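Worksheet for the structure shown next.
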Amino acid sequence: MNGKQVWKPGTMLNPVPVVMVSCGTMGEKTNIITVAWAGTICSDPAMLSISVRKERFSHKMIVEKGKFVVNLVTTKLAKIADWCGVKSGKDYDKFLETGLTAEKAETSDCPIISQSPVNIECTVDKIIELGSHDMILAKVDAVDVSDKLIDPKTGALQLYKADLAVYSHGFYYNLGYEIGRFGFSVKKNNTPTNKTRKK
């Protein structure tokens, strides 16, 4: 097969976004879980999914409350995100240990991570048991975006300024250079942009 090896089935869809999911109740028990399996599943209504093992401390909190927040991770937050992924909320208060700031979400009493540039507030819609993980389908209730990512003249979102991190086969990476925007392949002035703007 053109010099390729055929491997057994595995989770080889890479890279994937790195997100920290915050859950629980402000003023009571809260937690942060690092998730590499998260994705958009619908645009109208806006929905996303996260996949979480049943034995994870946050699984019960998310299922019982029916609310959680997906917090995007920057390269500066990658080390903290990794720590939150290998340590359990059973043993640590992750907001206290990491120095992250918990703020109340707009649509629930779940915490958002203040240092994250984008927080996606969610309500659980359906849980699908798949095997090692439960896939949690959720509706997006609100999106909190840092003022630093908004163009002051146009009001447009400049997400490339967030310096987001991705995860690929055990390693964390930044996004590198922009190679084009949606539809650039069919535009008459098909000029590469990676010389002028990172991410």
Side-chain angles (χ1 to χ4, degrees), residues 13-23 26 32-51 67-82 84 95 98-125 136-168 171-199:
L13 184 62
N14 285 278
V16 292
V18 183
V19 301
M20 290 187 285
V21 174
S22 51
C23 55
M26 291 288 291
I32 303 168
I33 181 174
T34 301
V35 174
W37 294 349
T40 299
I41 57 173
C42 189
S43 58
D44 187 13
M47 296 182 68
L48 56 74
S49 70
I50 59 172
S51 292
K67 300 279 188 178
F68 62 91
V69 179
V70 173
N71 305 273
L72 300 191
V73 173
T74 65
T75 56
K76 288 183 179 180
L77 291 174
K79 188 173 183 179
I80 290 176
D82 183 72
C84 288
F95 279 101
T98 62
L100 293 175
T101 304
E103 293 184 4
K104 182 182 175 299
E106 286 292 321
T107 61
S108 73
D109 53 6
C110 273
I112 68 169
I113 298 174
S114 178
Q115 288 85 351
S116 170
V118 178
N119 320 96
I120 308 170
E121 303 179 20
C122 300
T123 296
V124 175
D125 181 69
I136 301 171
L137 311 183
K139 292 182 178 178
V140 175
D141 298 320
V143 180
D144 312 303
V145 181
S146 170
D147 291 336
K148 296 178 181 179
L149 302 182
I150 306 299
D151 187 312
K153 295 181 180 179
T154 66
L157 174 63
Q158 298 176 312
L159 195 55
Y160 66 92
K161 289 185 176 180
D163 194 22
L164 297 176
V166 295
Y167 184 78
S168 183
F171 295 89
Y172 299 91
Y173 299 90
N174 63 21
L175 290 177
Y177 288 91
E178 175 190 325
I179 58 175
R181 66 180 299 171
F182 180 74
F184 84 105
S185 63
V186 296
K187 290 185 177 180
K188 290 182 179 180
N189 184 17
N190 189 5
T191 304
T193 58
N194 61 354
K195 293 182 180 179
T196 58
R197 191 173 89 179
K198 281 191 74 176
K199 293 178 281 296

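Note that the structure is a prediction, hence the values are computed from the model and not measured. All heavy atoms count here, side chains included; hydrogens, waters and symmetry mates do not.
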Exercise for the section: Report the distance from atom CD1 of Ile150 to atom NZ of Lys161, rounding to the nearest 0.5 Å. Expected result: 9.5 Å

Handout entry: Gln158 atom CD, neighbour heavy-atom count above 12 within 6.0 Å
Key = yes

Problem - Residue pair Glu178 / Arg181: nearest heavy atoms and the distance that separates them - result: OE2-N, 4.4 Å

Problem - Under 3.5 Å: donor-acceptor pair, side chain of Ser22, backbone of Ile32 - result: no

Completion exercise
When every non-hydrogen atom of Cys23 is compared with those of Cys110, the smallest separation belongs to CA-SG, 4.4 Å

Exercise for the section: Please check if atom NZ in Lys104 has more than 12 non-hydrogen atoms from other residues, nucleotides or ligands closer than 6.0 Å. Expected result: yes

Exercise for the section: Look at the side chain of Thr34 and the backbone N and O of Ala81, then say whether any donor-acceptor pair between them is shorter than 3.5 Å. Expected result: yes

Fill in the blank from the handout: Shortest non-hydrogen pair, Ile112 vs Glu121, comes out as CG2-OE2, 4.4 Å

Exercise for the section: Report the residues that fulfil ring-ring contact (aromatic ring centres under 6.0 Å, His included) with Tyr172, sequence neighbours left out, ordered by chain and then residue number. Expected result: Tyr167

Problem - Minimal non-hydrogen separation, Cys84 against Thr98, with atom names - result: SG-CG2, 4.0 Å

Problem - Criterion side-chain contact (heavy atoms from CB on, under 4.5 Å) against Ile120, the qualifying member of Leu48, Val69, Asn71 - result: Leu48

Problem - Min side-chain heavy-atom separation Ser168-Tyr173 under 4.5 Å - result: yes

Completion exercise
CG of Leu100 to CD of Gln115, rounded to nearest 0.5 Å, is 5.0 Å

Completion exercise
From the list Leu159, Leu164, Val73, Val145, side-chain contact (heavy atoms from CB on, under 4.5 Å) with Pro117 holds only for Leu164

Exercise for the section: Report the distance from atom CG of Leu77 to atom CE of Met20, rounding to the nearest 0.5 Å. Expected result: 5.0 Å

Handout entry: Close side-chain approach of Lys67 and Asp141, heavy atoms under 4.5 Å
Key = yes

Fill in the blank from the handout: Nearest heavy-atom contact between Thr107 and Ala142 is CG2-CB, 3.9 Å

Handout entry: Euclidean distance, Ile50 CD1 relative to Ile136 CD1, rounded to 0.5 Å
Key = 4.5 Å

Problem - More than 12 heavy atoms from other groups under 6.0 Å of CG on Asp147 - result: no

Practice task
Kindly say whether Asn174 contributes a backbone atom to a donor-acceptor pair with the side chain of Asp163 at under 3.5 angstrom?
Solution key: no

Handout entry: Gap separating the OG atom of Ser114 from the CG atom of Asp144, nearest 0.5 angstrom
Key = 10.0 Å

Exercise for the section: Considering non-hydrogen atoms only, spot the tightest contact between Asn119 and Ser116 and give its length. Expected result: ND2-CB, 3.6 Å

Problem - Ile33 vs Phe68 side-chain heavy atoms within contact, under 4.5 Å - result: no

